[in-house]
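Shown next, in structure tokens, is the structure this report addresses.
Every heavy atom of this structure was used, including side-chain atoms; hydrogens, water molecules and symmetry mates were not.
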Amino acid sequence: MNRSGTKRWRTHTATVILAICLVAGTGAFVAPHVAAAPMRAQMSTSASVPVHEANVEVLPETSIDGPGFSSLSDYVPNPQTYPPGTFPATALAWTGTDPNHSLNVIESQDGFDYSKNKVTLQESSDSHPSVLLFANTTSGTLGPNLVVLAWTGTDSNHSLNVMFDVYGVRQKITLSDNSAFSPALAYFKGQVWLAWTGTDSGLSLNVMAMGSHGVTPGHKTTLRGTGFSARGGPSLRADTRDNQLLLSWTQTAAPLYIDLAQSSDGVVWATSFSPPPPQTSGSGPDVLAVSDSIPVGLPTDYWAWTGTDSLNSLNIAYTSTLSSWPAPIVTLNEEGLGSPALGYSNKLGPGQPNTVRILLAWTGTDTAHHLNVAIIQVG
């Protein structure tokens, strides 16, 4: 199914400017004996940029939760293993509505067409998996389609699992760590990184380096302190432009504010706002930093979440630099089940001049809970 064209905005607003200025504090806490880095983000006002949904694809696939999504913002394809134009632009992962709640992955060459390369695994979960496109650095010995997948198992321990090379050798590791929610993946400084919400009484956030292929657990950092408790699973993204990791989650304390933290090494973390912006969600948000060359004056950093309004509306905030987060907010005429996911592709064909197009994936609130992927035009 395919719905094309620009959709109407909600009648109450198309773009809302957060006219508040919050000075970033220094109240972040990380693992014991590690000092927090200085805050670098500040909430401020900014002129709005036109944003609209240029096209949306409703996939025939259905899911019990929001999707996992990875794109060209997460990796740079290795030209030695990907002939020109053949590398995937995105990978979409989800937990099916079949009785087994099977895990599924599908790749897209351009980021919008999901008609080929679907894989259904003999693995299951009660929440969505996380997926990561992985650049092959082994001169083609493992093939061009490298995808890493992480999920929470349905075993009694709810163990965390990571699978390297979903389309190839499928090397899997099961961790002793566990979670009641979905984990998150990112590739940063030569390693795969895993983030999750713990099962301790504080529902603390955890981040672990997992080696070059994601199956070699390393040092685990447990973030401690006010605000580092998550309602649902977190989002983890690499910001290659500013050389840092971004961790995003929804706080457990009412009124369920979404929050963001940054780290240059995956160990020392600092919250980006103090206090967090007054935006709320019943599930985890997602964050995106586009590293491609973007026209001057257009935003490069995005934050998306499902709202706590009665419709569970999808929202996007955007900025041109995390060091000064302006946070204009667009509420789309779309509703989501669970967390939405952001992506980027430069293979979508020619767009309008002086615009940038990002991707948004989500599970619909229709009766069957179909997966959706939209092209969002900014500018």
Side-chain angles (χ1 to χ4, degrees), residues 59 61 63 67-96 98 100-125 128-154 159-175 182-195 208-218 236-238 341 343-345 347 361 371 373:
L59 277 62
E61 312 294 349
S63 179
F69 199 40
S70 184
S71 69
L72 289 174
S73 63
D74 296 324
Y75 88 125
V76 177
N78 187 337
Q80 293 179 342
T81 56
Y82 293 100
T86 65
F87 55 86
T90 58
L92 187 68
W94 69 97
T95 301
D98 59 298
N100 189 51
H101 290 173
S102 303
L103 301 185
N104 301 268
V105 181
I106 193 168
E107 292 182 328
S108 172
Q109 289 294 301
D110 62 2
F112 196 63
D113 179 8
Y114 293 90
S115 60
K116 301 176 182 178
N117 297 328
K118 176 186 171 182
V119 170
T120 299
L121 299 173
Q122 297 300 311
E123 306 284 356
S124 59
S125 182
H128 71 266
S130 178
V131 65
L132 177 67
L133 281 168
F134 190 90
N136 193 346
T137 58
T138 56
S139 300
T141 58
L142 294 178
N145 297 321
L146 293 186
V147 171
V148 180
L149 196 70
W151 69 96
T152 298
T154 54
S159 303
L160 296 173
N161 300 268
V162 180
M163 179 182 288
F164 170 73
D165 196 11
V166 169
Y167 284 86
V169 298
R170 295 187 184 175
Q171 183 180 356
K172 174 186 170 183
I173 183 174
T174 299
L175 304 180
S182 303
L185 288 168
Y187 187 81
F188 181 65
K189 292 189 174 179
Q191 293 198 81
V192 175
W193 293 77
L194 182 71
M208 179 187 288
M210 296 292 294
S212 59
H213 289 172
V215 290
T216 308
L236 186 67
R237 296 282 185 178
Y344 173 78
S345 171
K347 298 172 67 178
L371 294 173
V373 178

Euclidean distance, Met208 CE relative to Leu236 CG, rounded to 0.5 Å
13.0 Å

Mark yes or no for whether [X], through its side chain, and [Y], through its backbone, hold a donor-acceptor pair below 3.5 Å.
X	Y	result
Lys347	Gln109	yes
Ser71	Thr90	no
Ser108	Asp113	yes
Ser345	Asp110	yes

Non-neighbouring partners of Lys189 that pass salt bridge (Lys or Arg N to Asp or Glu O under 4.0 Å), sequence neighbours left out:
none

Should [X] and [Y] count as side-chain neighbours, where that means a heavy-atom distance under 4.5 Å?
X	Y	value
Tyr167	Glu107	yes
His128	Ser63	no
Ile106	Val119	no
Thr152	Ser182	no
Met210	Leu175	yes
Leu103	Met163	no

For Tyr187, which of Trp193, Phe134, Tyr75 qualifies under ring pair (Phe, Tyr, Trp, His ring centres under 6.0 Å)?
Phe134

Tested for side chain to side chain contact (heavy atoms under 4.5 Å, CB included) against Val148, the lone hit among Leu185, Asp165, Leu133, Val166 is Leu185

Quickly, which of Leu146, Val192, Leu194 forms a side chain to side chain contact (heavy atoms under 4.5 Å, CB included) with Leu132? Name it, please.
Val192

Looking only at heavy atoms, what is the nearest atom pair of [X] and [Y], with distance?
X	Y	answer
Gln191	Gly211	OE1-N, 3.1 Å
Val105	Ala93	CG2-CB, 4.2 Å
Val162	Trp151	C-CZ3, 4.4 Å
Pro67	Ala341	O-CB, 4.0 Å
Ala238	Ala186	N-CB, 4.1 Å
Gly153	Asn161	N-ND2, 3.5 Å

Please lay out, stage by stage, how Leu149 and Glu123 fare under the test side chain to side chain contact (heavy atoms under 4.5 Å, CB included).
CA-CA 11 Å; Leu149 196 70; Glu123 306 284 356; over 6 Å; no

Quick one: side chain to side chain contact (heavy atoms under 4.5 Å, CB included) partners of Ser124, sequence neighbours excluded?
Asn100, Thr154

